[in-house]
Amino acid sequence: MSKVLMLGTDALARGAIEAGISYAASYPGTPATQILEYVAKNSSVPCEWSINEKVAFEVAYGVSLTGRRVLCSMKHVGLNVAADPFMTSAYLGVRGGFVLAIGDDPGAYSSQNEQDSRFYARFAKIPCLEPYDGETLKEYTKIAFDISEELSLPVMIRSQTRLLHCYSPVNLGDIRHENSTSLQKDPLHLIAIPRHVIPLHRELNAKQGKIRETLKRYNFNEILPGEGKRGIIACGLAFTYAMELGEALPILKINAYPVDEDLLRDFVKDLEEVIVLEEGYPLVEERVRCLHPRVRGKISGDLPLEGELGPDPVLKLFGKKREVQPETTPPRPPVLCPGCPHREFYKALLEANPTFVTGDIGCYTLGALPPLSALDTCLCMGASISKAIGMAKQGVKRVAAVIGDSTFWHTGIPALIDAVWNKANILVCILDNSVVAMTGHQPTPHLGITAKGDEGKAIDLAELCRACGADSVVEVDPLKKEELLSSIKRGLETPGVHVVIAKRPCVLIAGKLKKN
Ligand SMILES: Cc1ncc(C[n+]2csc(CCOP(=O)(O)OP(=O)(O)O)c2C)c(N)n1
């Protein structure tokens, strides 16, 4: 066994590889992107970038149905997209171990919200493990596969940007054999039709006691004795913040959910004050407030409800400061790269002067900021076209929807079909730079390269838009300003659904694409 310095995402991925996975599926999203990238580059495990998180989850579920172990990873908001199969997978249960690795982003360093995935695990009634360093990222992931197979449930690994994007020492272990394939037909358990739902739900409820027993056996949650009548409950990563305090207080360390209420009760019973530290929403604090009259945390206003918890507010609560203050750097708001083709597109769009521009999520969202200020709204991935439909249906003329190529593949296609079917008068601008630029240049379906770097089958974006029934589809190089401007103007002025594809590779990969 050797000890190496590993990025959190890599440690998690390594845990899955050691557990003997047979496949991994994901859709890119910070801070979870590098999990699949590690599997792709550092193992022989086959894997895929899926078209979106729902598909990734369902592909992973299919792998599990064959009896083999599978890792599915995504960022927190990705689980909103995958929520439908996720919720019902807990009813049906899994066959081969199924681990769902979710990267939360408290502080929204790179996200559209700060939602806390532990609530999703509770909502679906499945176990959730919350590592606190590189070693536990790897080990918990490995153990999560055993728990998944023991309980026949998907198991969530919840971690955060700070942990996933940080290097720490990790002990490498042996790689287990993969499960052999075994197909079992079991209609009562595998088909979620109304007639089966109540018995399946009853089984899921009956598993709850078993989940608690299983988690207890692994001692994920434990009381570390200390001195005094104040105690700290520290969840996941917040345990490391509690350690930085250097206080000798008793600590209840929580790394697995659902939390055993007996343990909580036992911990708080002789304390005069309980402090709850957790990244995200006050999930544990809510429970503890039912058990103790004096609880300090986020709900009490002692710690911030928004933003990343981090070590500083915790130290402040104890009247302390970091001994060595981190160096402060001047704020550097993100901007479009020099030479980015998106900028040229926006210049033309502004000149065409649309009434309202519905935006989407990607590098091109930076066009919302000055000096361009070219977008009027941004909600979630894939929403630009649908928002434009709603506005156009209220009589707003000359609405433009701006969407990136990966975002279009992800959730834009159904909205384009909706626009055609319902005869909306909108202009759809697809900014095609050939890759998912925002998350680090992962391939898109029209590039025809897979996660492993192998040749896939390329799909033609313009042909697809035509097949969706768009009234016109033009591909324009955004550097050809006059052509682009006239296409945009025509699309805005003419009734119907018009698609302008501004096509030019991301400036950071253009050289590489040429070489290939
Ligand atoms: C549901 C969800 N999944 C993943 C992400 C992470 N993410 C942000 S933008 C983006 C795609 C950007 O690619 P593209 O649309 O091609 O635009 P580009 O960045 O290349 O301009 C992704 C995957 C997210 N914000 N939300």
Is there a donor in the side chain of S168 and an acceptor in the side chain of D133, or the other way round, less than 3.5 Å apart? no

Do we see a donor-acceptor contact under 3.5 Å between the side chains of T407 and D360? no

Decide yes or no for I102 and I157: does some side-chain heavy atom of the first lie under 4.5 Å from some side-chain heavy atom of the second? no

Only counting residues at least two apart or in another chain, list the ones meeting ring-ring contact (aromatic ring centres under 6.0 Å, His included) with Y132. F239

Contact between C465 and F408 at the side-chain level, heavy atoms closer than 4.5 Å - yes or no? yes

With no hydrogens and no angle check, just 3.5 Å: does a side-chain donor-acceptor pair link S406 and Y27? yes

T439-Q442 side chain donor-acceptor pair, cut-off 3.5 Å: yes

Whether E178 and R69 form a salt bridge (side-chain N of Lys/Arg under 4.0 Å from carboxylate O of Asp/Glu) is what I want to check. no

Distance alone, cut at 3.5 Å: any donor-acceptor contact between the side chains of H446 and D432? yes

Distance-only polar pair, side chains of Q184 and D186, donor-acceptor under 3.5 Å: no

Charged N to carboxylate O under 4.0 angstrom, E213 versus K210? no

Got M381 and V81 here, is their nearest side-chain heavy-atom distance under 4.5 Å? no

Donor-acceptor pair, distance only, cut-off 3.5 Å: does the side chain of T141 make one with the backbone of L137? yes

R212, CZ atom: more than 12 neighbouring heavy atoms under 6.0 Å: yes

Is there a donor-acceptor contact under 3.5 Å linking the side chains of N179 and R68? no

Verify, without hydrogens or angle tests, whether K138 (side chain) and N171 (backbone) share a donor-acceptor contact under 3.5 angstrom. yes

4.5 Å side-chain heavy-atom contact, K125 and K207: no

Salt bridge flag under 4.0 Å for residues D116 and R118: yes

Has F119 got more than 12 heavy atoms of other residues, nucleotides or ligands less than 6.0 Å from its CZ? yes

Heavy atoms of D104 and P31 approach each other most closely as O-CG, 3.5 Å

Which residue pairs pass the side-chain hydrogen bond (donor to acceptor under 3.5 Å, both in side chains) test when at least one of the two sits in residues 4-15, sequence neighbours left out? R14-E18

How many angstroms lie between OG in S159 and CG in D105, if you round to the nearest 0.5 Å? 11.0 Å

Which heavy atom of V284 sits nearest a heavy atom of I254, and at what distance? CG1-CD1, 4.2 Å

Nearest heavy-atom pair of L163 and G134: which atoms, and what distance? CD1-N, 4.5 Å

Find the distance between OG (S386) and CG (L416) and round it off to the nearest 0.5 Å. 10.0 Å

Side chain proximity check, V94 to S148, heavy atoms < 4.5 angstrom: yes

Would you list the pairs meeting ring pair (Phe, Tyr, Trp, His ring centres under 6.0 Å) in which at least one residue belongs to residues 92-111, sequence neighbours left out? F57-F98

Residues E48, Y23; criterion side-chain hydrogen bond (donor to acceptor under 3.5 Å, both in side chains); working and verdict: CA-CA 8 Å; E48 71 170 56; Y23 205 68; 2.9 Å; yes

Can you name the ring-ring contact (aromatic ring centres under 6.0 Å, His included) partners of H76, sequence neighbours left out? none

Is R176 salt-bridged to D146, going by a charged N under 4.0 Å from an acidic O? yes

Measuring only between side-chain heavy atoms, which start at C-beta, is L461 closer than 4.5 Å to I430? yes

First locate atom CG of L79, then atom NZ of K54, and finally report the distance between them rounded to the nearest 0.5 Å. 13.0 Å

Nearest heavy-atom approach of P131 to R158 is CD-O, 3.4 Å

Could you check whether atom NZ of K41 has more than 12 heavy atoms from other residues, nucleotides or ligands sitting under 6.0 Å from it? no

I'd like to check the side-chain contact (heavy atoms from CB on, under 4.5 Å) partners of A256; sequence neighbours left out, ordered by chain and number. L129, L215, F220, N221

Under 3.5 Å, is there a donor on one side chain and an acceptor on the other for K75 and S111? yes

Would you say K216 has more than 12 foreign heavy atoms packed within less than 6.0 Å of its NZ? no

I want to check something: taking the side chain as every heavy atom from C-beta on, are L153 and P127 in contact at a cut-off of under 4.5 Å? yes

When you compare the side chains of Q115 and Y281, does any donor N or O come within less than 3.5 Å of an acceptor on the partner? no

Please find the pair of heavy atoms, one from L204 and one from A90, that lie closest to each other, and give the distance. CD1-O, 3.6 Å

Flag side-chain contact, heavy atom, 4.5 Å: T450 against P443: no

Inspect the surroundings of CZ in R195 and state if more than 12 heavy atoms from other residues, nucleotides or ligands are less than 6.0 Å away. no

Pairing residues for Y91 by the ring-ring contact (aromatic ring centres under 6.0 Å, His included) criterion, not counting sequence neighbours: H201

Correct closest heavy-atom pair for L379 and I361 would be O-CD1, 4.3 Å

Drop me the distance from N80's CG to F86's CZ, to the nearest 0.5 angstrom. 11.0 Å

